[in-house]
Structures are given as structure tokens and as C-alpha cells.
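Step one of this worksheet: look at the structure below.
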Amino acid sequence: MNRGIFTVLGAIIVVGLAGLYLLQHGQALFNSPPPTDRIAFISTRGGQTDLWTMKGDGDDKRQVTSDIGMDISPAWSPDCREIVSASNREENRYEIYVTAWNGKYIKRLTTSSGTKDLPGWSPDGKEIVFLSSGTVHVLSRFKGDDVQIMPTVEQGATQFARPFAAVKWAPDRRSLAAVEDADTTRRALVREDFDNPDREPIPLVTAGSVELAWSKKDYRVAVAFVDREGANGIQVADPANMDFQDIFVTEGDTTGPGDLAWSPDGKHIAFEMWEIRNHVRDKCRGLYVISAKGGKPRLLAKGEAMDPTWSPDGKYVAYTLARKDGKRDIWRVGVDGKGAVNLTGGEGDNYQPEWSPMPKKR
């Protein structure tokens, strides 16, 4: 008799847990990844500033969102099924949303005060990191409220807390690379094991301006800096071994790097080259690629070529290129700098390309 009651109770608990799991995950459970890798991008080609995707050759363009608000900062989930982005579609304030790659559903994830931006996925796809009014937050993809982790709530009440301008999740562990904004300089740092508030961050570069990107192959972070004691260049850091190497430094105050992206095999870094005036970036002059070990950069694209993102096979780099009318198109070029192709064809303003990982077959 008692055994039967326990069996029934056990079944009820299992069914309840399954129902709760289904309620939390919803349509995401039934969403398949695209059959091939794709590029997510922001475009006005449909008359509004929406999220779109297309194949790596520019075919099969699909409008993912359609609303009067603006969508920005798309990022693919590790399994390619979803895209997280920021949008001001509700209440005219940027919040974090997640959508199926094909637009079949969209869900708002944040409700707290403050404008949000720069969302990024954890390696397992279960959490999302983002900026909220200069603070770094982490949010579960499926449940719960977001948690402020940098600066901690306690640090935020002191004069030593600085706002953050960027944050990136390491692709293989629970670490974050972030850019801290001081009065006249910015500092790049790595926060390892950020669930432990007592663990001190690892400082990387302090300069007038910094950009950063994690290697997709191993635990290295590249930092592009401008005006680090008068020098401009790129540093590659291995925080685990406290190894910091400058792989590229420009002479004088004429040029310097901007946004950068690692190749999938971790052997090369694509980056923007900027004209520097009065120690700040003034105008983008082209897109280059350099060995992660250092050496002479190789030109990929001339002009205002920005926002580099690599194809998952490492054969191509996609980027935005300014047109004469002031708007932008998304181009693709081979890693040898040959075969440049306009993927968006001059229709609308197109920017912030983000190439997906290679979809995994179910």
C-alpha cells in the first residue's frame, strides 16, 4: 500500500518537474538550428531597424524581427538555435531579447531598470552576460532575475567603482574579459571565477582606448589599445599563465587598431586599422589580419571596413563597409584578401554582422 502511494507521488513529481521544464524552455525545445552557418546582422532594408540573417554567400536573407523599435548587438547561441540582442521595442528602453534564428518566436528576458546592451552567451548556452547602465550582469536564459557581478553591489556603493564599457564571456570557462572606464583612460581586465567576489581581477592593458576579444580555440584574449603611454597596438594575453605579449605596435601617433576578432583556429586576428589624431581613433582606414604570434599585418579591405567576424571554417571574414551615401553594406572577403563580395547589395543600411558557429546536426 505504502509502496503504491510512493510510486504515485514519484510519478506526480516527475510529471510536475517535466511540466516546469517545458514551461521554462517552451518553444526553444522544438527549434532546430539552421542547416548551414549564417550571418546575423542589423538592417533597415525592410523599412525599420530589424534583425536579419543570411547565408554566408548572401543568399536566403530572412527578416527575424519586425517592430518599430531598434534592434542592436546580435549574438548567436552556441547551438545556433537562437540569437540574443538588445531592443527598445517596449517602453523605449533597451532590454535583452532572445529570438529563434528564423523568427518563429521572440522573448524578453530582462525587466530591471537601466538600459541594456552587448549581450553574450555562456559556453553552455544557459546564461547571458550583458551591460546595464555601466554595470555587468548575468542572467539565466530560462529563469530568474539577473545578477549584478561587476562591480558587485557592495563595490557599487564606493567611490572606487568604475563603469564598464564592454564585456565578453570566455568561450571555454567561467571567466569574463571587460573594459573598465576611468576618467581619461580605459582598463582591460579578466575576471576569473566571477561567482567568487573575493577573487581579484587580472589587469591587462590600461590605455586611452581599448577593445578586446577572446580566442575561440583556447584561453587567450587579444586587446587592441590606443595611447598606452603613447603607443598603439595589440596585446595577446594568457591570463592563466600571466603571459602578456605585444604582437603589433605602431610607431608614432598616426595609426592604431580598433575592433578585432580571432580566427576559429586561434592562429590569426582580424582587426580595424584607424587613423589616430590627438591620441584617439579618428577614421577607419581598412581591415587587416595578423598572425597571433606577431608579424606584419596583411590588408584585407580598404576604406571604412569595420566589425570583422570570421566564418566558422576560417576561410572568410565578413565586415561592414561604408558607402558613398553614408550607409553601409556587409561584405565578405577571403583570408588572402581576394574575392571580396558585397552580400547586401546596397539595399538599406546594414551593419553589426555576426557569423554563427557551424550548426550541429541533431
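Keep in mind that this is a model prediction, so the values were computed, not measured.
A distance-only check finds a donor-acceptor pair linking the side chain of Arg220 to the backbone of Gly266 [under 3.5 Å]. Ser133 places no side-chain N or O within donor-acceptor distance of the main-chain N or O of Gly114, the cut-off being under 3.5 Å. The backbone N or O of Ser32 sits nowhere less than 3.5 Å from a side-chain atom of Arg81 that would complete a donor-acceptor pair. A distance-only check finds no donor-acceptor pair linking the side chain of Glu272 to the backbone of Ala305 [under 3.5 Å]. Without hydrogens or angle criteria, Asp60 side chain to Met54 main chain gives no donor-acceptor distance under 3.5 Å.
Scanning both residues, Pro297 and Tyr288, for their nearest heavy atoms gives CB-CD2, 3.9 Å. Taking every heavy atom of both residues into account, Pro264 and Ser311 meet most closely at CG-O, 3.3 Å. Between Ala261 and Pro308, the closest heavy-atom pair is CB-O, 3.5 Å. Counting all heavy atoms, side chain and backbone alike, Leu343 lies closest to Gly56 at CD1-O, 3.8 Å.
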- request: Carefully, step by step, assess Arg298 and Asp336 under the rule salt bridge (Lys or Arg N to Asp or Glu O under 4.0 Å).
  value: CA-CA 8 Å; Arg298 184 175 69 251; Asp336 57 0; over 6 Å; no
task: Kindly indicate, with the supporting measurements, whether the criterion side-chain hydrogen bond (donor to acceptor under 3.5 Å, both in side chains) is fulfilled by Thr65 and Tyr97.
output: CA-CA 11 Å; Thr65 62; Tyr97 291 80; over 6 Å; no
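Ion pair Asp246/Arg228 flagged as a salt bridge, since at least one NZ, NE, NH1 or NH2 atom sits closer than 4.0 Å to an Asp/Glu carboxylate oxygen. Comment: Glu91 engages Arg108 in a salt bridge, judged by a side-chain N to carboxylate O separation of less than 4.0 angstrom. A salt bridge is absent between Arg191 and Glu180: the closest approach of a Lys/Arg side-chain nitrogen to an acidic carboxylate oxygen does not fall below 4.0 angstrom. Salt bridge status for Lys283 with Glu275: absent, with no side-chain N to carboxylate O gap under 4.0 Å. Ion pairing between a basic and an acidic side chain is recognised when a charged N comes within 4.0 Å of a carboxylate O; Asp325 and Lys327 show no such pairing. A salt bridge does not link Arg162 to Asp181: none of the charged side-chain nitrogens sits closer than 4.0 Å to a carboxylate oxygen.
Side-chain contact between Pro123 and Pro78 is absent, with no heavy-atom pair separated by less than 4.5 Å. Side-chain atoms of Tyr94 and Met70, non-hydrogen and from C-beta on, do get closer than 4.5 Å to each other. Side-chain atoms of Tyr219 and Trp214, non-hydrogen and from C-beta on, do get closer than 4.5 Å to each other. Using a 4.5 Å cut-off on side-chain heavy atoms (C-beta onward), Phe142 and Val98 make no contact. Looking at heavy atoms from C-beta onward, Asp243 lies in side-chain contact with Gln245 at the 4.5 angstrom threshold. Inter-residue side-chain proximity for Ile330 and Thr320 is flagged as met; some heavy-atom pair is nearer than 4.5 Å.
Side-chain polar atoms of Asp117 and Ser73 form a donor-acceptor pair below 3.5 angstrom. When only modelled atom types and interatomic distance are considered, Glu354 and Thr309 share no side-chain donor-acceptor pair under 3.5 Å. With hydrogens and angles left out, the side-chain atoms of Asp146 and Ser112 include a donor and acceptor closer than 3.5 Å. A donor atom on one side chain and an acceptor atom on the other are not found under 3.5 Å apart for Ser356 and Asp37. A side-chain donor-acceptor contact under 3.5 Å links Asp329 and Thr344.
Connectivity analysis of hydrophobic side chains (ILVMFWY, heavy atoms under 4.5 Å, direct or indirect) links Leu321 to Leu287, Val289, Leu300, Trp310, Val317, Tyr319, Trp331, Val333, Val335.
The line from CG of Asp307 to SG of Cys284 is 9.0 Å long, rounded to the nearest 0.5 Å. The CG atom of Asp57 lies 6.5 Å from the NZ atom of Lys55; values are rounded to the nearest 0.5 Å. In this structure, the separation between CD1 on Ile39 and CZ on Arg332 is 8.0 Å, given to the nearest 0.5 Å. Between atom CG of residue Asn350 and atom NZ of residue Lys61 there is a gap of 8.5 Å, rounded to the nearest 0.5 Å. To the nearest 0.5 Å, atoms CD1 (Ile68) and CG (Asp50) are separated by 11.0 Å. Arg285 contributes atom CZ, which lies 11.0 Å from atom OG1 of Thr255 (distance to the nearest 0.5 angstrom).
Every residue was checked against the salt bridge (charged side-chain N to carboxylate O under 4.0 Å, His left out) condition with Asp193, not counting sequence neighbours, and none meets it.
Residues Val138 and Leu131 share a single hydrophobic cluster, defined by chaining ILVMFWY side chains whose heavy atoms lie under 4.5 Å apart. When the side chains of ILVMFWY residues are joined at heavy-atom separations under 4.5 Å, either directly or via intervening members, Ile42 and Ile83 end up in a single hydrophobic cluster. Cluster membership check: Leu176 does not share its hydrophobic cluster with Ile202, using side-chain heavy-atom separations under 4.5 Å among Ile, Leu, Val, Met, Phe, Trp and Tyr. Taken together through direct or relayed side-chain contacts under 4.5 Å among Ile, Leu, Val, Met, Phe, Trp and Tyr, Ile247 and Leu212 form parts of separate hydrophobic clusters. Residues Ile269 and Met273 share a hydrophobic cluster, clusters being chains of Ile/Leu/Val/Met/Phe/Trp/Tyr side chains in contact below 4.5 Å.
Remark: Arg38 is not positioned above the aromatic ring of Trp101, lacking an NZ or CZ atom under 6.0 angstrom from the ring centre and at most 45 degrees off the axis.
Counting only residues at least two apart or on different chains, the side chain to side chain donor-acceptor pair (under 3.5 Å) pairs with a member in residues 198-211 are Glu192-Arg199, Ser209-Arg281.
Within a 6.0 Å sphere centred on NZ of Lys217, heavy atoms belonging to other residues, nucleotides or ligands number 12 at most.
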